[in-house]
Amino acid sequence: MAAPALTSRAGSVNSLGNSPTATPSSTTNNNKIIPSYLELDFRSGARIEDLNRLIQEFSKHDQREYHDQRALEIHTAKDFIFSMLGMVQKLDQKLPVANEYLLLSGGVREGVVDMDLDELSVYARGTDYDMDFTLLVPALKLHDRNQPVTLDMRHSALCHSWLSLRLFDEGTINKWKDCCTMVDHINGATNYFFSPTLVADWFYESISVVLVEIQKKPQRGMPRVEKVERNGTIISVILGVGSSRLLYDILPVVSFKGWPAVAQSWLMENHFWDGKITEEEVISGFYLVPTCSHKGRKENEWRLSFARSEVQLKKCISASLMQAYQACKAIIIKLLSRPKAISPYHLRSMMLWACDRLPATYLSQEDFSAHFLLGLIDDLQNCLVNKMCPNYFIPQCNMLEHLSDETAMLHARKLSSVRSDPAEHLRTTIEHAKAANRLTLDLHWRGSALNLPSPQSDAGGEHQPDDRLAKKLQQLVMENPGKSISVFINPDDVTRPHFRIDDKFF
């Protein structure tokens, strides 16, 4: 924690002046020269002012620049992905015709959803991509909001569930039989359990088939498909559009409206968002994502995800705390990457718990980013030492229960090195962000020199880009940094998607 600011009074100057950690300067009060002291971090001796400055510098380099061309390239890539998914739906009619996607800013590796990262390939911003997104694509929807959703958790660890298709109609069962595991009951009936691994197999094969068809008839200005890779149950697609490379981590999920019964007790507690957003906004829905517990059956077990709720809660978190979180996340992604035991999602959960624990007046202080960063590091280290990190929505679920003592202490010692010199680790993180930006800029200039096709150019090259569209997109991105988008799309008319940024419709 940071040491409290030292104050000086007449008559105590000499004793304070001998402090080994204080850095005096001089002020004048009633013709007396009284030294003032800079606020220091007790653990490392770093100046809070310096840490704040470094966090601000990191935020500046970590932010993406959205000029008109970049905004149009992002829009082109988004349209390509939605068109691709529309074609996937038409292959075998498995996906819902009228579907609602959740588009999150940041890839799975950034901790935007609670997924295990063990099976993910290592991608780096600047080297492999310039911007990253996570797209949740409902394979099934269950949108009955009249009562809490009760899931079959008899075979699963907390926060996980099997999904029986008995909840759905006969037509849905017939569509998805080939993506289910079967269990026969004594009475002779067969129960079909929706399999995350089989669904991911089908999804990857369908996307691959569609991309082959699309590339048979290339069109000018169409994004370049630079990589399609299966990472466990995640399909990672990197698109090149003009001079931009965009990573989409696409997850097949099950979408529910309402709230799971296992998380009902959480709603009874007091939370930092009370009075800022409505409960209806927070509990509008949840997902099952295709990942299992460490002792669960991969072919049957799904994990509960509250990504939609987290989008709403994020609106209630102060900018200074978010800056500290982003800086801390960048540090731990590099430092704790091997072995993969801690993910940025654990850090996100601890930030939400801190918001519940600490006064809003404290968390809203604009110049407290350094305090927040140091506190997050302390919290994370404490979680590792005790092997305890409760899920924010289901507190009885300990997300670090599976860790071995050796792995937990290894990461705790690594964090101790960060805590003893946070300024140096922030400087390293800043240099990484600068290097990624230089790689992106170099690619942009090389692309310009080679005259790579831009999404602004159509097949005939006769029409000029709609500057109004580019400006509108730039305005949306600039006004909603880091926010997530829900997309409503009709696969029969992908040219007119309707999308929502938080609670705004466009």
Side-chain angles (χ1 to χ4, degrees), residues 1 106 108-120 153 156-161 260 262-263 265-266 269-273 286-289 291-296 301-307 309-310 313-314 317 321-322 324-358 363 372-419:
M1 299 295 291
V108 169
R109 295 159 188 80
E110 296 288 316
V112 295
V113 288
D114 183 15
M115 295 285 292
D116 295 328
L117 307 182
D118 295 345
E119 298 179 331
L120 294 186
M153 299 182 172
S156 307
L158 278 169
C159 285
H160 298 81
S161 178
V262 69
S265 61
W266 178 80
E269 305 293 334
N270 294 324
H271 297 290
F272 72 97
W273 47 267
F286 68 100
Y287 298 95
L288 296 181
V289 295
T291 191
C292 71
S293 62
H294 289 267
K295 294 182 180 180
E301 197 171 78
W302 299 76
R303 180 174 295 169
L304 274 74
S305 170
F306 300 91
S309 302
E310 288 165 0
L313 299 185
K314 189 176 177 181
I317 298 176
L321 179 54
M322 282 304 303
Y325 164 75
Q326 295 292 348
C328 190
K329 181 176 71 172
I331 291 172
I332 70 166
I333 284 177
K334 298 291 184 183
L335 188 73
L336 307 183
S337 60
R338 291 291 183 272
K340 286 190 181 295
I342 294 293
S343 82
Y345 188 82
H346 294 110
L347 184 66
R348 175 186 287 230
S349 299
M350 283 181 287
M351 176 178 65
L352 293 174
W353 281 118
C355 290
D356 274 357
R357 183 177 72 243
L358 297 166
L363 293 174
F372 302 152
L373 171 67
L374 299 174
L376 288 171
I377 296 172
D378 287 340
D379 270 4
L380 184 54
Q381 191 172 13
N382 181 67
C383 286
L384 285 167
V385 169
N386 293 286
K387 291 199 303 182
M388 174 61 72
C389 181
N391 181 286
Y392 181 66
F393 299 93
I394 307 177
Q396 60 269 36
C397 172
N398 177 14
M399 298 188 290
L400 296 183
E401 187 177 20
H402 64 281
L403 279 192
S404 68
D405 292 342
E406 293 78 13
T407 300
M409 291 311 298
L410 171 64
H411 285 318
R413 284 193 293 269
K414 289 181 178 179
L415 278 176
S416 179
S417 70
V418 177
R419 193 61 183 82

Contact check, side chains of Pro260 and Phe306, non-hydrogen atoms, under 4.5 Å: yes
Gap between atom CE of Met350 and atom SG of Cys389 - 0.5 Å precision: 5.0 Å
Reported OG-to-CG distance for the pair Ser417 and Leu335, which is rounded to 0.5 angstrom: 5.5 Å
Rounded distance [0.5 Å steps], OG in Ser343 versus NZ in Lys329: 10.5 Å
Approximate separation, where rounding is to 0.5 Å, of Leu120 CG and Met115 CE: 7.5 Å
Partner of Asn382 by side-chain contact (heavy atoms from CB on, under 4.5 Å), out of Leu380, Asn386, Val385, Leu384: Asn386
Check: Trp266 ring centroid to Tyr392 ring centroid under 6.0 Å: yes
Sidechain-backbone polar pair: Asp356 side chain, Phe272 backbone, donor-acceptor under 3.5 Å: yes
pair Asp114-Leu304: side-chain heavy atoms closer than 4.5 Å: no
For the student: nearest non-hydrogen atoms of Ser416 and Gln381, plus distance: CB-NE2, 3.4 Å
Intermediate values then yes/no, side chain to side chain contact (heavy atoms under 4.5 Å, CB included), Glu406 and Leu410: CA-CA 6 Å; Glu406 293 78 13; Leu410 171 64; over 6 Å; no
Evaluation steps, side chain to side chain contact (heavy atoms under 4.5 Å, CB included), between Val112 and Glu310: CA-CA 9 Å; Val112 295; Glu310 288 165 0; over 6 Å; no
Residues, nucleotides or ligands: over 12 heavy atoms within 6.0 Å of Gln396 CD: yes
Straight-line distance of His160 NE2 to Leu288 CG, nearest 0.5 Å: 10.5 Å
Side-chain donor/acceptor of Glu301 to backbone N/O of Ser293, under 3.5 Å: yes
Backbone N/O of Pro390 and side chain of Asn398: donor-acceptor pair under 3.5 Å: no
Whether Arg303 side chain and Cys292 backbone form a donor-acceptor pair below 3.5 Å: yes
Side-chain heavy atoms of Cys328 within contact of Leu373, under 4.5 Å: yes
Note, His346 side chain near Cys383 side chain (heavy atom, < 4.5 Å): no
Student check: side-chain heavy atoms of Glu110 and Ile333 closer than 4.5 Å: yes
Distance in Å, Glu401 CD paired with Met399 CE, rounded so as to fall on 0.5 Å steps: 12.0 Å
Trp353 vs Pro395 side-chain heavy atoms within contact, under 4.5 Å: yes
Beyond-backbone contact of Met351 with Met322, side-chain heavy atoms, under 4.5 angstrom: yes
Under 3.5 Å: donor-acceptor pair, side chain of Lys387, backbone of Leu403: yes
Trace of the side chain to side chain contact (heavy atoms under 4.5 Å, CB included) decision for Ile332 with Lys414: CA-CA 9 Å; Ile332 70 166; Lys414 289 181 178 179; over 6 Å; no
Side chain to side chain, Leu358 and Phe372, heavy atoms closer than 4.5 Å: no
Audit row: Ile342, Leu347, side chain to side chain contact (heavy atoms under 4.5 Å, CB included) steps and yes/no: CA-CA 8 Å; Ile342 294 293; Leu347 184 66; over 6 Å; no
Exercise: identify the closest heavy-atom pair between Leu363 and Ala354: CD1-O, 4.0 Å
